[in-house]
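What follows is a set of notes on a single structure, which appears directly below.
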Amino acid sequence: MILHVLPLLVFTTFAGFAAGAYAVDAVCGNGREAKTPWLFPLVCVVLLGIGLCGTLAHLGQPLRFMNGMANPASGISQESYWAIALGIVIVVDLVISWRGGKTVRAVRWVGGAVAVGFMVVTGLAYFDCLGLVAWRGAATLPVFILGDVALGAGLCAVLAKADDWAAGLLAPATVAAQVAWGVAIGAYGLYLVRSGLDATGLLAAAFVLGPVCASGVAAAARCGKLAGKTAAVAVLVLAFASVAVARYAFFAMGVGA
């Protein structure tokens, strides 16, 4: 089961990682380290590349990826189009940051808008899978969007200055993202129970790791109880674990059904 869902897990988690980071960065302002503004888009393009490798592994052969893109109505085509668009924006951001030594706000806003589009399309791609009850609930879209945002907030925190993250907008934004992510986890768990399915153990673990622990660490950093960088790394690790566990449950329930 793990090997069967691993490519889907890799694609949605790592590509969503990059998308969520750009969405958070566009809303929260410049949380990037001033001396290395190129590091943020560099990390994001690597994450997106890892995610696309997951797509290739899922299809089995690269040629199937090209065939899949030939059908604009299919979920995989739409995911691919938006992923490519996001990748182009990230590369543009990387080049500008590398050559100019600073970021361009308009590029970051465009990146945030494209990132949101990618997250929405990804959620809809699974919601539209007819016959898979576990994926047809109203919570499917929030599970992807809010999970990506929770991941993105953690990455922004790690790449920002310690003071910018703990004392600025990123810390409360991280808490808010984790709380919203917790609501999505709970809603999806209730939907599964009502549908006669059960992933309570995995979803409970995801809830504790992210909405409880990660938000608690962010709140502690905001209050000055934890060092900024240490707290940021802890938030990122906890958020990643939370999203990975929840999405494994999501895919396992769908494929197993």
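None of the values given here were measured: they were computed from a predicted structure.
Atom OG of residue Ser215 and atom CG of residue Leu209 lie 11.5 Å apart, to the nearest 0.5 angstrom. Rounded to the nearest 0.5 angstrom, Met119 CE and Leu124 CG are separated by 12.5 Å. Taking CG from Leu42 and OG1 from Thr36, the interatomic distance works out to 10.0 Å, rounded to the nearest 0.5 Å.
Within the 3.5 Å criterion, the main-chain N or O of Val10 finds no donor-acceptor partner in the side chain of Thr13. At least one donor-acceptor pair under 3.5 Å links the side chain of Lys229 to the backbone N or O of Ala160. Of the possible polar contacts, one joining the Ser242 side chain to the Ala206 backbone as a donor-acceptor pair under 3.5 Å is found. Judged by distance alone, with hydrogens and angles left aside, the side-chain atoms of Arg136 form a donor-acceptor pair with the main-chain N or O of Phe127 at under 3.5 Å. Thr140 contributes a side-chain N or O that, together with a main-chain N or O of Trp135, makes up a donor-acceptor pair within less than 3.5 Å.
The shortest side-chain heavy-atom distance between Leu192 and Ser195 does not fall under the 4.5 Å cut-off. Side chains of Met253 and Tyr248 form no contact here, defined as non-hydrogen atoms less than 4.5 Å apart. No side-chain heavy atom of Leu86 sits under 4.5 Å from any side-chain heavy atom of Trp82. Side chains of Leu8 and Tyr126 form a contact here, defined as non-hydrogen atoms less than 4.5 Å apart.
We find that Asp148 and Arg247 are joined by a salt bridge, their nearest charged nitrogen and carboxylate oxygen being less than 4.0 Å apart.
Criterion: ILVMFWY side-chain heavy atoms under 4.5 Å apart, direct or through other members. Under it, Trp109 and Val104 are not part of a common hydrophobic cluster. Under a hydrophobic clustering in which Ile, Leu, Val, Met, Phe, Trp and Tyr are joined whenever their side-chain heavy atoms come within less than 4.5 Å, directly or via other members, Val243 and Val121 fall into the same cluster. The cluster map of Ile, Leu, Val, Met, Phe, Trp and Tyr, joined by side-chain heavy atoms under 4.5 Å apart, puts Phe240 and Val212 in the same cluster. Note: the hydrophobic cluster containing Tyr191 also contains Phe207 (ILVMFWY, side chain heavy atoms under 4.5 Å, direct or indirect links). Linking ILVMFWY residues whenever their side-chain heavy atoms come closer than 4.5 Å, directly or via other members, places Val114 and Val95 in the same cluster.
Leu190 pairs by the side chain to side chain contact (heavy atoms under 4.5 Å, CB included) definition with nothing, not counting sequence neighbours.
A pairwise comparison of heavy atoms in Ala134 and Phe250 identifies O-CE1, 4.2 Å as the closest pair. Among all heavy-atom pairs drawn from Leu94 and Trp38, the shortest one is CD1-O, 3.4 Å. Between Pro142 and Ala139, the shortest heavy-atom distance links the atoms CD-O, 3.2 Å. The two residues Gly152 and Val24 have their closest heavy-atom pair at C-CG2, 4.1 Å. Between Ser97 and Pro41, the closest heavy-atom pair is OG-CG, 4.3 Å. For Ala15 against Phe118, the heavy-atom pair with the smallest separation is CB-CZ, 3.6 Å.
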Go through the steps to decide whether Leu47 and Val43 satisfy the test side-chain contact (heavy atoms from CB on, under 4.5 Å), and finish with yes or no.
CA-CA 6 Å; Leu47 291 172; Val43 172; 4.0 Å; yes
Could you give me the CA-CA distance, side-chain angles and deciding distance for Ile50 and Phe11, then say whether side-chain contact (heavy atoms from CB on, under 4.5 Å) is met?
CA-CA 7 Å; Ile50 294 173; Phe11 170 68; over 6 Å; no
Residues Val120, Ile145; criterion side-chain contact (heavy atoms from CB on, under 4.5 Å); working and verdict
CA-CA 7 Å; Val120 170; Ile145 296 175; 3.7 Å; yes
Donor-acceptor contacts, no H, no angles, side chain residues 167-180, under 3.5 Å, sequence neighbours left out:
{"from": "Thr174", "atom 1": "OG1", "to": "Leu170", "atom 2": "O", "distance (Å)": "2.7"}

Expected list for residues 197-204: side-chain donor-acceptor pairs under 3.5 angstrom, two or more places apart:
{"from": "Asp198", "atom 1": "OD1", "to": "Thr200", "atom 2": "N", "distance (Å)": "3.0"}
{"from": "Asp198", "atom 1": "OD1", "to": "Thr200", "atom 2": "OG1", "distance (Å)": "2.4"}

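Taking the six-membered ring where tryptophan is involved, the planes of Tyr22 and Phe40 are tilted, since the angle between them lies from 30° to 60°.
Here the rule is side-chain contact (heavy atoms from CB on, under 4.5 Å) with Cys44, and of Leu155, Asp25, Leu159 only Leu155 fits it.
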